[in-house]
Engineer: 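After the structure tokens below, expect a handful of questions from me.
It should be emphasised that the depicted structure is a prediction, and the values quoted were computed from it without experimental measurement. In what follows, every heavy atom counts, from backbone to side chain, and hydrogens, waters and symmetry copies are set aside.
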Amino acid sequence: MTVREQQLWAAVVAARQQVRQSGDAALPALVEALHWWCGPLLGNRARADEVDAALAECVSAARQLVGVRPEYLPALAAALYRQSLALGHRGERARALPLAREALTHYRELADDDLRVFGPPTAAALENLANQLAGTGARTEAVDTVREAVALRRRLATRHPGRQQDLELASALADLGIALGEAGRHQEAVDVAQEAVAGYRAAGGGRGPDRVAYWVALASLVQELEHTGRHHEREPVLEELADTHRRAVRHNPELVAELDATLRERGYRVGPDGRLRREAPEPSREQWMRIAELTKRGHALANRGDPAGAVTAFQQALALARQLPAADARTRPTLAAVLHDLGLALGWDGRPAEAIGVLEESVRLHRAELAQRGAPVAPLLAESLDTLGNRLSVLGRHRAALAATREAVELQEQVAERTGGERENRELARMLNNLSIRYADRKRHRASRDASRRSVARYRSLPFAGPEHLTGLVHALTNLALREARLRNTEPVAPLVREAVKLIHLPRGHQRAQLAESLHWLAWYLRRHGDPATADIAKMAEARLRY
């Protein structure tokens, strides 16, 4: 820690001690100390966990304080705003969104009483909410929210004129132009972006601390003019950016990198002659790392039971992956993998219809990769097809689901035979179990039973390898019991149920409800066919899964 950080942290420790000694009376000091401690660390990725913990404590303390002293509502609103902002900067939009909504609710209440003091933070809260909404793909609501921010900024600039208010209005207009463009409303975006640029110019844009924001507004205007085919209007703006770059090289070399980054994000670079040239953005090492980081976060959120957060992380990874150059050999497999992850997460989040197009694109890209690179891509294509089959089945599209899952199994059989690996064979066993379900959905019961027998045999042939293997085997055993019962082949049902029950040890989320339903039906079947003892075993296992 720096000396300043040590001082700020000492204030937090002292305030905590005061709370322990004096109770609620000391909460204002704790909230203030945490507020000052968090400030310098916001945006510091290396210390994200510290910031998260401190912001959560600040929100909790402020919420407790407001319960006994309502006049401290501004402190709670500020803490919620900061917590949302920090999470949003790291791409955790699903966690940031409810915090942003609550912060805005409080600021609106405060602004109703005192617009001059609380109008600006209310507008900032609106802009923050719009950013979180856009990050989750809620483009229409994002546009509406930032439009409200513009209206409020305009009102404040009229009531309390000044350069700062004009710059804040220009910034809000620039945000609205970007949001409209992302929503595909490019003509509206041009008009708003032009007003933003005019506002910056009138306030001396490009000469003060706001210069980078002004460059972003100019580059966004260029982008929207291109979208609407207004190329003759684009040229003067490009020339202004080129002239700005030349002046920065001479007088502000420390800002050149920021201007170059702004231009690269929108597909431009400055040529040797000093003019701007259209060029597909070159992905930086940081961009590849960011895609990997978001993908890792998406899987971690899914494992923690937050599928909505996982969807957001994968959507952000996908947006970055789509910016990668087509000529780079890594682009297509990266894009295909991220699409598959997003399709999985959409299904987990109860949005299978949205997953279909995403997974179909993943399958198309993997097919193209298979044609070019051959065998190494086969398991990736098989996995995408298997996931697509699952999502199609949920939507009742059983014919297409069966076709996708059958192709997945055929591909995975070749992979397992070629490699002989345990992981590849375990994946084949899992896909065979899915194929059994797809056949059952089509009322092809013998084919379903045969696929299920192959799945169980494959699992049994492999050494146990942790909970994932056990989970797969338990589901395959109960599925086979169902298939045998459906064909009135009663004799093997009880041994299969007993074997499955002995192995059940599933963490939360591992299709426990589905397994409980299977055991419920099997218990009824066994009792009806004269085996109450095994029926009771199945019922007790069902109860454990449900409760």
Engineer: Can you see which heavy atom on Arg391 is nearest to which on Leu359, and at what distance?
Structural biologist: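 Scanning both residues, the minimum pair turns out to be CG-CD1, 3.5 Å.
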Engineer: Can you confirm whether Ser384 sits close enough to Glu360 that some side-chain heavy atom of one is under 4.5 Å from a side-chain heavy atom of the other?
Structural biologist: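 No; the side chains remain at least 4.5 Å from each other.
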Engineer: Got a second to check how far Leu462's CG is from Glu424's CD, nearest 0.5 Å?
Structural biologist: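 If we round to the nearest 0.5 Å, Leu462:CG and Glu424:CD are 10.5 Å apart.
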Engineer: For Glu240, enumerate each residue passing the salt bridge (Lys or Arg N to Asp or Glu O under 4.0 Å) test, keeping only those at least two apart in sequence or located in another chain.
Structural biologist: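 If we apply the salt bridge (Lys or Arg N to Asp or Glu O under 4.0 Å) test to Glu240, skipping adjacent residues, the hits are Arg201.
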Engineer: Report the C-alpha distance between Asn131 and Val146 in whole Å, list the side-chain angles of each, state the deciding distance to 0.1 Å, and finish with yes or no for side chain to side chain contact (heavy atoms under 4.5 Å, CB included).
Structural biologist: CA-CA 9 Å; Asn131 287 334; Val146 75; over 6 Å; no
Engineer: I want to check something: taking the side chain as every heavy atom from C-beta on, are Thr334 and Leu324 in contact at a cut-off of under 4.5 Å?
Structural biologist: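 Sidechains of Leu324 and Thr334: in contact.
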Engineer: Hey, are the side chains of Thr295 and Ile291 touching, using non-hydrogen atoms and a 4.5 Å cut-off?
Structural biologist: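 SC-SC contact between Thr295 and Ile291 confirmed.
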Engineer: What pairs with Ala54 under side chain to side chain contact (heavy atoms under 4.5 Å, CB included), at least two apart in sequence or on another chain?
Structural biologist: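 Only Leu34, Trp37, Cys38 meet the side chain to side chain contact (heavy atoms under 4.5 Å, CB included) criterion with Ala54.
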Engineer: Nearest 0.5 Å please: distance from the CG atom of Leu221 over to the CG atom of Asp191.
Structural biologist: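 The CG atom of Leu221 sits 10.0 Å away from the CG atom of Asp191.
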Engineer: Could you pull out the closest heavy-atom pair between Leu167 and Tyr200, with the gap in Å?
Structural biologist: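 What the structure gives for the nearest pair is CD2-CD2, 3.8 Å.
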Engineer: For Thr405 and Met431, run side chain to side chain contact (heavy atoms under 4.5 Å, CB included): C-alpha distance rounded to whole Å, both residues' side-chain angles, the deciding distance at 0.1 Å, then the answer.
Structural biologist: CA-CA 7 Å; Thr405 307; Met431 291 180 188; 5.6 Å; no
Engineer: Ring pair (Phe, Tyr, Trp, His ring centres under 6.0 Å) with His35: which residues, sequence neighbours excluded?
Structural biologist: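 With neighbours one apart ignored, the set is empty.
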Engineer: Considering residues at least two apart in sequence or located in another chain, which fulfil the ring pair (Phe, Tyr, Trp, His ring centres under 6.0 Å) criterion with Tyr107?
Structural biologist: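 Result, ring pair (Phe, Tyr, Trp, His ring centres under 6.0 Å) vs Tyr107: none returned.
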Engineer: Would a 4.5 Å heavy-atom cut-off, applied to side chains only, mark Arg101 and Leu133 as touching?
Structural biologist: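 SC-SC contact between Arg101 and Leu133 confirmed.
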Engineer: So Arg426 and Glu422, side chain to side chain contact (heavy atoms under 4.5 Å, CB included) or not? Walk me through it.
Structural biologist: CA-CA 6 Å; Arg426 195 169 290 111; Glu422 289 180 14; 3.9 Å; yes
Engineer: So, taking the atom named CG in Leu87 and the one named CZ in Arg95, what distance separates them when rounded to the nearest 0.5 Å?
Structural biologist: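 Leu87 atom CG to Arg95 atom CZ measures 4.5 Å (nearest 0.5 Å).
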Engineer: Please report the shortest heavy-atom distance between Asn479 and Ser436, naming the atom on each side.
Structural biologist: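 Closest heavy-atom pair between Asn479 and Ser436: ND2-OG, 3.0 Å.
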Engineer: Can you pull out every ring-ring contact (aromatic ring centres under 6.0 Å, His included) where at least one residue sits in residues 297-318? Sequence neighbours excluded, please.
Structural biologist: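 Passing the test, one end in residues 297-318: His299-Phe314.
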Engineer: Using salt bridge (Lys or Arg N to Asp or Glu O under 4.0 Å), reason through Arg290 and Glu293 one step at a time and then give a plain yes or no.
Structural biologist: CA-CA 5 Å; Arg290 182 64 176 151; Glu293 178 184 303; 2.4 Å; yes
Engineer: For the atom pair CG (Asp243) and CG (Leu238), what is the distance rounded to the nearest 0.5 Å?
Structural biologist: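 Separation between the atoms: 12.5 Å.
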Engineer: Pick one: which of Gln194, His186, Arg230, Arg234 meets side chain to side chain donor-acceptor pair (under 3.5 Å) with Glu224?
Structural biologist: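 Among the candidates, only His186 passes.
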Engineer: Show every side-chain hydrogen bond (donor to acceptor under 3.5 Å, both in side chains) that has at least one partner inside residues 411-421, sequence neighbours left out.
Structural biologist: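 Non-adjacent pairs meeting side-chain hydrogen bond (donor to acceptor under 3.5 Å, both in side chains): Glu413-Arg454.
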Engineer: By salt bridge (Lys or Arg N to Asp or Glu O under 4.0 Å), which residues pair with Glu410, not counting sequence neighbours?
Structural biologist: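 Result, salt bridge (Lys or Arg N to Asp or Glu O under 4.0 Å) vs Glu410: none returned.
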Engineer: I'd like to know if the side chain of Gln372 pairs up with that of Arg332 as donor and acceptor (distance under 3.5 Å, no hydrogens or angles considered).
Structural biologist: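 Side chains of Gln372 and Arg332: pair found under 3.5 Å.
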Engineer: In Å and rounded to the nearest 0.5 Å, what is the CG to OG distance from Asn433 to Ser455?
Structural biologist: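 It is 4.5 Å, given to the nearest 0.5 Å.
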Engineer: Of all residues at least two apart in sequence or in a different chain, which pass the salt bridge (Lys or Arg N to Asp or Glu O under 4.0 Å) check with Arg304?
Structural biologist: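 Scan of Arg304 (salt bridge (Lys or Arg N to Asp or Glu O under 4.0 Å), adjacent residues dropped) gives none.
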Engineer: Work out which heavy atom in Val415 is nearest to a heavy atom in Pro379; give both atom names and the distance.
Structural biologist: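 Nearest heavy atoms, Val415 then Pro379: CG2-CD, 3.7 Å.
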Engineer: Once rounded to the nearest 0.5 Å, what's the spacing between atom CG of Asp341 and atom CG of Leu294?
Structural biologist: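 Going from the CG atom of Asp341 to the CG atom of Leu294 covers 11.5 Å.
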Engineer: Could you tabulate the donor-acceptor pairs under 3.5 Å formed by side-chain atoms of residues 168-179, not counting sequence neighbours?
Structural biologist:
from: Glu168; atom 1: OE1; to: Arg153; atom 2: NH1; distance (Å): 3.2
from: Glu168; atom 1: OE2; to: Gln164; atom 2: NE2; distance (Å): 3.2

Engineer: State, yes or no, whether a side-chain contact exists between Gln315 and Leu318 at a heavy-atom distance under 4.5 Å.
Structural biologist: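 The answer is no, as the side chains (C-beta and beyond) never meet within the 4.5 Å cut-off.
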Engineer: Thr228 side chain to Gln187 main-chain N or O, any donor-acceptor pair under 3.5 Å?
Structural biologist: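 No; judged by distance alone, with no hydrogens or angles, the pair does not exist.
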Engineer: Using the test ring pair (Phe, Tyr, Trp, His ring centres under 6.0 Å), find all partners of Tyr81 that sit at least two apart in sequence or belong to another chain.
Structural biologist: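 If we apply the ring pair (Phe, Tyr, Trp, His ring centres under 6.0 Å) test to Tyr81, skipping adjacent residues, there are no hits.
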Engineer: Who passes salt bridge (Lys or Arg N to Asp or Glu O under 4.0 Å) against Asp441, sequence neighbours left out?
Structural biologist: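 Here the qualifying residues are Arg438.
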Engineer: Looking at Leu428 and Ala416, what are the two nearest heavy atoms and their distance?
Structural biologist: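 Scanning both residues, the minimum pair turns out to be CD2-CB, 4.1 Å.
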Engineer: I need the single residue from Leu380, Thr387, Leu381 that forms a side-chain contact (heavy atoms from CB on, under 4.5 Å) with Val363. Which is it?
Structural biologist: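 So, applying the side-chain contact (heavy atoms from CB on, under 4.5 Å) to Val363 and each of Leu380, Thr387, Leu381, only Leu381 qualifies.
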Engineer: Would you mind reporting whether Val237 and Glu233 have side-chain heavy atoms less than 4.5 Å apart?
Structural biologist: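 Of all side-chain heavy-atom pairs linking Val237 with Glu233, none is under 4.5 Å.
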Engineer: May I ask you to test the Glu127-Thr145 pair for a side-chain heavy-atom distance under 4.5 Å?
Structural biologist: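 Not touching, per the 4.5 Å side-chain cut-off.
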Engineer: Got a sec, which residues hit side chain to side chain contact (heavy atoms under 4.5 Å, CB included) with Glu361, two or more places apart in sequence or on another chain?
Structural biologist: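 Testing Glu361 for side chain to side chain contact (heavy atoms under 4.5 Å, CB included), a comparison that skips the adjacent residues, returns Arg322, Leu335, Leu339, Arg364, Leu365.
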Engineer: Step by step, work out the salt bridge (Lys or Arg N to Asp or Glu O under 4.0 Å) result for Asp386 and Arg430.
Structural biologist: CA-CA 10 Å; Asp386 181 61; Arg430 183 184 65 80; 2.8 Å; yes
Engineer: Go through His366 and Leu385 one step at a time and tell me if the side chain to side chain contact (heavy atoms under 4.5 Å, CB included) criterion holds.
Structural biologist: CA-CA 10 Å; His366 279 313; Leu385 284 162; over 6 Å; no
Engineer: Any heavy-atom pair between the side chains of Val358 and His340 that's under 4.5 Å?
Structural biologist: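 With C-beta onward as the side chain, the pair stays apart.
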Engineer: If you compare all heavy atoms of Ser393 against all heavy atoms of Ala401, which two are closest, and at what distance to 0.1 Å?
Structural biologist: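 Nearest pair, atom of Ser393 first, then Ala401: N-CB, 3.7 Å.
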Engineer: We want to know whether Asn128 and Ser84 form a side-chain donor-acceptor pair, criterion being a heavy-atom distance below 3.5 angstrom.
Structural biologist: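 Yes.
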